[in-house]
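A quick note: this is a predicted structure, and the numbers were derived from the prediction, not measured. Just so it is clear: chains get the letters A, B, ... in the order the sequence lines come, proteins before strands, and each one is counted from 1.
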Number of protein chains: 2
Amino acid sequence: MVLPNRQSKLKKITKIILADDHDVVKHGVEAIIRQNISGPIVIKVASTNELRNQLLAHKDIDLVILDIKMPGGNTVDIVKDIKANHENIKILMYSAHDEPQYAVNFIRNGADGYLSKSQPLEKIALAIKVLENGKRFVDEAFDEDLINRKGEKDLSLSNLLSHREFQILSLLATGKSNIDISEELNLQKSTVSTYKKRIMQKLNIDNNIGLVDAYRTDFKISSN
Amino acid sequence: MVLPNRQSKLKKITKIILADDHDVVKHGVEAIIRQNISGPIVIKVASTNELRNQLLAHKDIDLVILDIKMPGGNTVDIVKDIKANHENIKILMYSAHDEPQYAVNFIRNGADGYLSKSQPLEKIALAIKVLENGKRFVDEAFDEDLINRKGEKDLSLSNLLSHREFQILSLLATGKSNIDISEELNLQKSTVSTYKKRIMQKLNIDNNIGLVDAYRTDFKISSN
DNA sequence: TAAAAATGTAGTTTTATTTCTACTTTTTGT
DNA sequence: ACAAAAAGTAGAAATAAAACTACATTTTTA
């Protein structure tokens with residue numbers, strides 16, 4: 001996947017959706033926005049469903065500030081969706097996780113920024129200004145290099161693994177045994193083993209736990 | 001473990017430590033406190049270490065508002081510690097997790113209240129008032145019954161499992177194999193297996209993933 | 001487009017884990 | 001204080017998983 005060019009048309013950000021399941025977070029963010037930006041409209045939602053509804057209801061959203069973990073699921077997909085259907089809505093991921101891999105993944109899938117919740121709240125205002133100028137905002141902590149460097153590889157697991165491998169990983173992640181899986185997929189046990197080994201090789205992980213963690217975060221995160 | 005009597009001496013809450021690794025959360029909570037309580041002192045910390053330091057530095061803390069998940073680890077232990085050493089500091093757990101089991105566990109280990117971050121922020125003010133009156137505050141959502149009912153059992157894993165069992169679970173949770181563990185602890189492989197089986201029985205879990213999830217959340221949470 | 005790499009699949013062998021059983025030592029309940 | 005339950009430990013047998021090897025098919029790539 002090639003990183004898209006972010007020098008899109010500049011437009012003042014005035015209508016914002018704040019998506020986070022925690023009321024405190026929404027309060028905090030809204031407060032800082034109101035202090036720093038003149039008269040923005042802020043819509044608050046607490047789930048991916050609500051978010052989708054609001055996106056349908058309002059045609060002129062400029063920015064979505066999106067918690068990476070929300071009830072209702074896979075926020076990577078939401079990011080892809082939004083970018084596919086409303087290309088000039090900016091997306092700022094706001095996350096409880098500091099691992100740079102997360103940031104990489106979201107950015108590669110279309111998010112325009114990534115900010116950690118542990119950062120000073122004021123950075124939100126900064127981030128918005130940066131986005132407003134058509135640039136990408138990624139916390140220094142995440143070493144923007146990491147995101148630009150390394151060619152154009154998509155580091156998400158579904159891309160790193162073959163379909164079959166990913167499928168098997170997903171079954172492993174639910175706690176199924178090799179045998180369960182071989183039956184479910186009508187394969188030999190040894191075949192499942194081979195897949196598992198290849199997955200582990202590709203991800204450079206050598207135990208089930210790591211595999212599951214990788215699956216859940218959709219990343220190869222060294223857990224040692 | 002028997003629930004302690006919470007009708008302790010009433011004292012106005014004026015000095016509060018806010019422990020949370022997310023700046024937004026601290027901002028939001030501080031704001032709501034300042035709006036609702038006259039002139040409290042609010043000390044903010046972002047890790048369990050800082051928390052311990054501030055507890056040493058200030059002798060007159062009335063309340064600790066504590067994120068259940070913080071860098072530096074096991075907050076159940078912190079709760080126990082605080083209650084053991086400063087019996088009139090109140091503790092309000094503030095959590096991103098809605099599972100009642102969490103609440104139960106913290107309350108049983110000495111916390112005076114449990115509030116979910118997804119609840120309206122204003123509830124913080126309410127909770128503080130309740131605590132100030134010497135009562136326990138638990139979100140209605142968690143059905144206080146659950147906490148009082150069911151005898152006096154401590155549902156935390158370290159209590160449910162024997163020392164050895166817990167020790168082995170903790171090693172399993174790091175991804176170690178039975179053999180690794182048997183070597184590390186100088187046991188037969190079969191012994192490790194036996195422990196593992198007993199742990200699984202006790203927790204009613206039948207795969208490694210569930211085991212690790214249980215360990216990480218310090219609870220038996222059915223993951224199906 | 002030919003060669004190289006990746007993918008989908010298994011058989012066989014080696015190794016690890018589970019099961020079943022059992023025995024001793026602690027702990028607990030009455 | 002004594003029986004019952006829980007905890008700590010293993011050996012042997014049964015079962016499952018991992019490693020190694022192998023071989024068609026696709027897919028990439030130089």
Side-chain angles (χ1 to χ4, degrees), chain A residues 1-2 150-215 220 223-224, chain B residues 1-2 150-215 220:
Chain A
M1 174 191 292
V2 177
K150 287 210 184 179
E152 313 305 336
K153 284 208 205 103
D154 179 344
L155 298 178
S156 71
L157 290 189
S158 51
N159 192 277
L160 233 43
L161 304 177
S162 74
H163 270 301
R164 206 56 157 162
E165 286 164 349
F166 189 73
Q167 180 186 26
I168 282 170
L169 174 57
S170 76
L171 293 170
L172 285 168
T174 67
K176 292 198 167 126
S177 70
N178 288 11
I179 291 183
D180 292 342
I181 296 173
S182 73
E183 283 166 1
E184 191 165 332
L185 301 182
N186 277 108
L187 292 174
Q188 290 308 115
K189 305 159 199 174
S190 56
T191 307
V192 176
S193 264
T194 305
Y195 281 122
K196 194 170 167 184
K197 188 183 58 178
R198 286 192 191 153
I199 296 168
M200 287 181 155
Q201 271 171 200
K202 283 191 181 177
L203 305 185
N204 195 233
I205 285 173
D206 73 346
N207 64 273
N208 291 12
I209 312 307
L211 227 42
V212 176
D213 288 340
Y215 179 74
K220 182 197 142 190
S223 42
N224 311 309
Chain B
M1 174 190 290
V2 177
K150 288 214 184 175
E152 313 303 339
K153 281 206 208 107
D154 180 343
L155 298 179
S156 70
L157 289 190
S158 52
N159 194 276
L160 231 45
L161 303 177
S162 72
H163 270 300
R164 207 57 158 164
E165 287 164 348
F166 189 73
Q167 180 186 27
I168 282 169
L169 174 57
S170 76
L171 292 170
L172 286 168
T174 66
K176 291 195 170 132
S177 71
N178 289 9
I179 291 183
D180 292 343
I181 297 174
S182 72
E183 282 167 0
E184 190 165 332
L185 302 181
N186 277 107
L187 292 173
Q188 290 309 113
K189 304 157 197 178
S190 58
T191 306
V192 176
S193 264
T194 304
Y195 280 121
K196 193 170 167 185
K197 187 182 58 178
R198 285 193 191 152
I199 296 168
M200 287 180 155
Q201 271 170 199
K202 283 193 181 177
L203 305 185
N204 195 234
I205 286 173
D206 73 346
N207 63 271
N208 291 16
I209 312 306
L211 227 42
V212 175
D213 288 341
Y215 178 74
K220 183 196 141 189

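Counting only heavy atoms from C-beta on, B:Ser177 has its side chain closest to C:dT17 among C:dT18, C:dT17, D:dA17. Side chain of B:Ser193, nearest nucleotide from D:dA18, C:dT17, C:dA10: C:dT17.
Not one side-chain nitrogen or oxygen of B:Lys196 sits closer than 4.0 Å to the OP1 or OP2 atom of D:dT9. Contact annotation: A:Thr191 side-chain N/O to C:dA10 OP1/OP2 distance is under 4.0 Å. In this model, the phosphate group of C:dA6 is not approached by any side-chain N or O of A:Arg198 to a distance below 4.0 Å at OP1 or OP2. For the pair B:Ser162 and D:dG8, the criterion of a side-chain N or O lying under 4.0 Å from OP1 or OP2 is met. In this structure, B:Tyr195 does not reach the D:dA7 phosphate: none of its side-chain N or O atoms is under 4.0 Å from OP1 or OP2.
A donor and an acceptor atom sit less than 3.5 Å apart, one in the side chain of B:Thr194 and one in the base of D:dA10.
Spacing between atom CG of B:Asn207 and atom C1' of D:dA16 amounts to 15 Å, rounded to whole angstrom units. Nucleotide C:dG8 holds its C1' atom 15 Å from the CD atom of A:Gln201, rounded to whole Å. Put simply, CG on B:Asn186 is 10 Å from P on D:dT9, counting in whole angstrom units. Taking atom CG of A:Leu185 as the reference point, atom C1' of C:dT9 lies 12 Å away to the nearest angstrom. The separation between B:Ile181 atom CD1 and C:dT18 atom C1' is 15 Å, rounded to whole Å. Summarising the geometry, the separation between CG on B:Asn178 and C1' on C:dT17 is reported as 6 Å, rounded to the nearest angstrom. Rounded to whole Å, atom P of C:dT17 lies 13 Å from atom CG of B:Leu171. Distance CG (A:Leu187) to P (C:dG11): 11 Å, rounded to an integer number of Å.
Closest approach of A:Ser193 to A:Asn178, counting heavy atoms only: OG-ND2, 3.6 Å. The two residues A:Tyr195 and A:Leu187 make their nearest non-hydrogen contact at CE1-CD1, 4.2 Å.
Remark: the backbone N or O of B:Ser177 is paired with a side-chain donor or acceptor of B:Asp180 at under 3.5 angstrom.
Between B:Arg164 and A:Asp180, the residue anchored nearer the 5' end of DNA chain D, judged by the nucleotide with its closest heavy atom, is B:Arg164. Nearest-nucleotide positions on DNA chain D place A:Lys189 closer to the 5' end than the other of A:Lys197 and A:Lys189.
Side-chain contact, A:Arg198 with A:Gln201: no donor N or O sits under 3.5 Å from an acceptor N or O. The closest side-chain donor-acceptor pair between B:Asn207 and A:Lys176, if any, does not fall under 3.5 angstrom.
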